[in-house]
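Reading through the structure tokens given below for one structure.
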Amino acid sequence: MYKISFINYFKRKSGISKIYITINFFHLLLFTAIYICKTGFDAYAQELKDSTDLNAALFGTNFKWGAACASYQVEGAWNIDGKGPSIWDNFTQKKRKIHNHENGDIATDFYHRYKEDIALLKDMGFGVFRFSISWSRIFPEGTGKINLKGVEFYHHVIDECLSAGIEPWITLYHWDLPQALEEKGGWTNREIISWFNDYVSFCTKEYGDKVKNWMVMNEPAAFVGLGYMLGYHAPGKKGPYKFLKATHHACLAMAEGGRMIRKNIPDANIGSTFSCSQIDPYRNDPKYRYKDMGAVKRMNALLNRLYVEPSLGLGYPVDALPALKRIKRYFEPGDEDRLKFKFDFIGLQNYFRVVTKKSLFTPFLWAKQISAEQRGVQMNEMKFEVYPEGMYNIIKQFSKYDIDNIIITENGACFKDSVENNRVHDPKRINFFERYLEQILKAKNEGAPVNGYFVWSLTDNFEWSEGYDPRFGLIHVDFKTQKRIIKDSGHWFQSFLSDKENK
Ligand code: NOJ
């Protein structure tokens, strides 16, 4: 567009020969500018990275490097082109649920800006993009009628990735359940297994020719625990029985979802992602240690084992957390088998360590968490402890299962960022990545089957009940203008990843 009007302008003004001179001059200027920027950009990225010997080549040539995002956190366009409302559209309208009463109505406007974001991802040297599909953009009412514009949108995103040489990795459920289904009980209604299966079936038939890497769910422990037990997240439900019911249905739907992908895309690489944390006792004094070790065992069952073990054929970890026995009342004949599915990879998402002590004030769990703030340790803006060794230990813990392939599907940190002269200096985030990646490499070198790493997140975005304050992105977003700036950490990755090809 720009070039055509430029040519026409000169044609009208000054005749043909002058056009060529001007075009050549224009091109010369343009190429010089690009060259200067590119050289400056590369040198700057190199300078940021020179502080460490760490580079992508050390992880091997087949290691996947990507960045991730999720539909509700970035897309915006909440009611555009036929999309139906999700539980997050509804929840964010309620009073006192979200910091500053913010919402994802516009978010980072990924719906209209996906091309720019994918181009920036490519600029930084990543080869993989993880994003999720909004169920209610495809099925506005959760089941039945299909919204063709929504279907088309994800084709565009996928095609953009493919033409940029980026591998699309799709998450089918990253927490934005269609509101219409929540009105029928959401994850507490057993029918959700078949609603979800129909949605998975549609998406995999529709996109399966182009997309081979699929994740069924994102962090069931988080969306069930926060959404159906504690009420902090959508749909804001509370109580142990809702929690157990939703847990069982989510685990069944996850395994059934895996089977459906396998049926529709026989050569797919299928996974699901799990939040996980190293868990330590608070007190080391022998008088209390054994009590706190009991708390560790129960916390570990709840936070690390509950959602992954049924798929591995190990059932629910009732041995460590007896309160889980009550989940049996939601079982139907055949469920034990239906819970199993052999995933091709397990996605691990590690953000913090949990330190716990025995407590009589927490029914069922009898354990409470001692926050990073109380312990006075290094934290990010969401008060998550920065504890890189926790990444190593959790990889080792999961490596003991019968798992062939582990992908770190999310890891990252939110720190306060500020823009100065069009740059965002974020040394704490760079330091975070260096230290966490060192621990992953250590685990890998000791034989853990870790084969990929995704930064959370590609861009700053809507951080659920925390609103827009916590910034996790490699790309800074000005939420008023939607202007994007690659942060220093993004430049750091650019250099870190370019070493992959040099070695
Ligand atoms: C994990 C979730 O998958 C993601 O949506 C969230 O933004 C990050 N944790 C950071 O809290």
Side-chain angles (χ1 to χ4, degrees), residues 66-76 86-89 91-92 98-99 102-104 107-108 110 117 129-135 169-177 214-227 230 232-234 250 254 271-277 303-304 307-308 346-354 369 371-372 379-387 390-391 394 407-417 428-429 432-433 436 452-475 477 479 489:
C69 69
S71 45
Y72 188 75
Q73 295 181 273
V74 298
E75 283 179 4
S86 79
I87 52 174
W88 276 94
D89 293 313
F91 189 68
T92 49
I98 313 290
H99 180 66
E102 289 164 336
N103 58 52
T108 66
F110 179 81
D117 289 347
F129 183 36
R130 174 181 173 215
F131 59 93
S132 75
I133 294 182
S134 154
W135 185 343
W169 285 47
I170 294 185
T171 313
L172 284 154
Y173 186 74
H174 200 127
W175 307 355
D176 43 356
L177 184 73
W214 293 84
M215 283 144 287
V216 183
M217 278 181 190
N218 181 69
E219 295 193 353
F223 80 78
V224 178
L226 298 171
L230 300 172
Y232 294 153
H233 275 193
M254 188 165 63
S272 207
T273 82
F274 301 89
S275 46
C276 52
S277 291
L303 301 182
N304 294 325
Y307 296 89
V308 73
I346 294 295
L348 296 187
Q349 318 204 142
N350 173 250
Y351 283 91
F352 46 78
R353 170 170 71 137
V354 169
Q369 200 177 327
S371 69
M379 307 179 294
N380 72 18
E381 286 296 308
M382 274 172 78
K383 301 196 165 58
F384 293 172
E385 181 179 1
V386 175
Y387 190 72
M391 174 65 96
I394 205 71
I407 305 283
I408 307 302
T409 37
E410 279 185 31
N411 174 235
C414 51
F415 293 112
K416 277 242 173 318
D417 293 325
K428 283 191 189 161
R429 194 174 284 103
F432 175 97
F433 286 126
Y436 273 76
Y453 179 86
F454 291 69
V455 174
W456 185 268
S457 176
L458 176 60
T459 57
D460 292 336
N461 59 46
F462 178 75
E463 179 54 33
W464 308 112
S465 46
E466 306 299 322
Y468 289 98
D469 265 10
R471 290 177 174 270
F472 278 90
L474 292 178
I475 298 171
V477 177
F479 295 113
S489 53

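Here, residue 1 is the first one in the sequence, and each next residue gets the next number. Start at 1 and go down the list; that is how both ligands and their atoms are numbered.
Using cut-offs of 30° and 60° for the angle between ring planes, the F129 and F110 rings count as tilted.
Checked for salt-bridge contact, E410 and R130 meet the test: a charged N lies under 4.0 Å from a carboxylate O.
Interface atoms of ligand 1 facing Q349, defined by a heavy-atom separation under 4.0 Å, are 3 (O). The N218 neighbourhood of ligand 1 comprises atoms 2 (C), 3 (O), with distances under 4.0 Å to a heavy atom of that residue. For ligand 1 and E463, the ligand atoms under 4.0 Å from any heavy atom of the residue are 6 (C), 7 (O), 10 (C), 11 (O). Every atom of ligand 1 with a heavy atom of H174 under 4.0 Å away is listed here by number and element: 2 (C), 3 (O), 4 (C), 5 (O).
At under 3.5 Å, not a single nitrogen or oxygen of W175, backbone or side chain, sits near a nitrogen or oxygen of ligand 1.
The nearest protein atom to atom 1 (C) of ligand 1, hydrogens excluded, is given as E410 OE1, 2.9 Å; this is a heavy-atom distance. From the protein, the heavy atom lying nearest to atom 8 (C) of ligand 1 is Y351 OH, 3.5 Å.
Side-chain atoms of T273 and N218 form a donor-acceptor pair, as typed in the model, at a separation below 3.5 Å. In summary, the side chains of Y307 and E219 do not present any donor paired with an acceptor at a separation below 3.5 Å, with no hydrogens or angles considered.
Side-chain contact check for Y72 versus W175: every heavy-atom pair is 4.5 Å or farther apart.
At a 4.0 Å cut-off, not a single heavy atom of E466 sits close enough to ligand 1 to count as contact.
The shortest heavy-atom contact between N461 and Q73 is CB-O, 3.1 Å.
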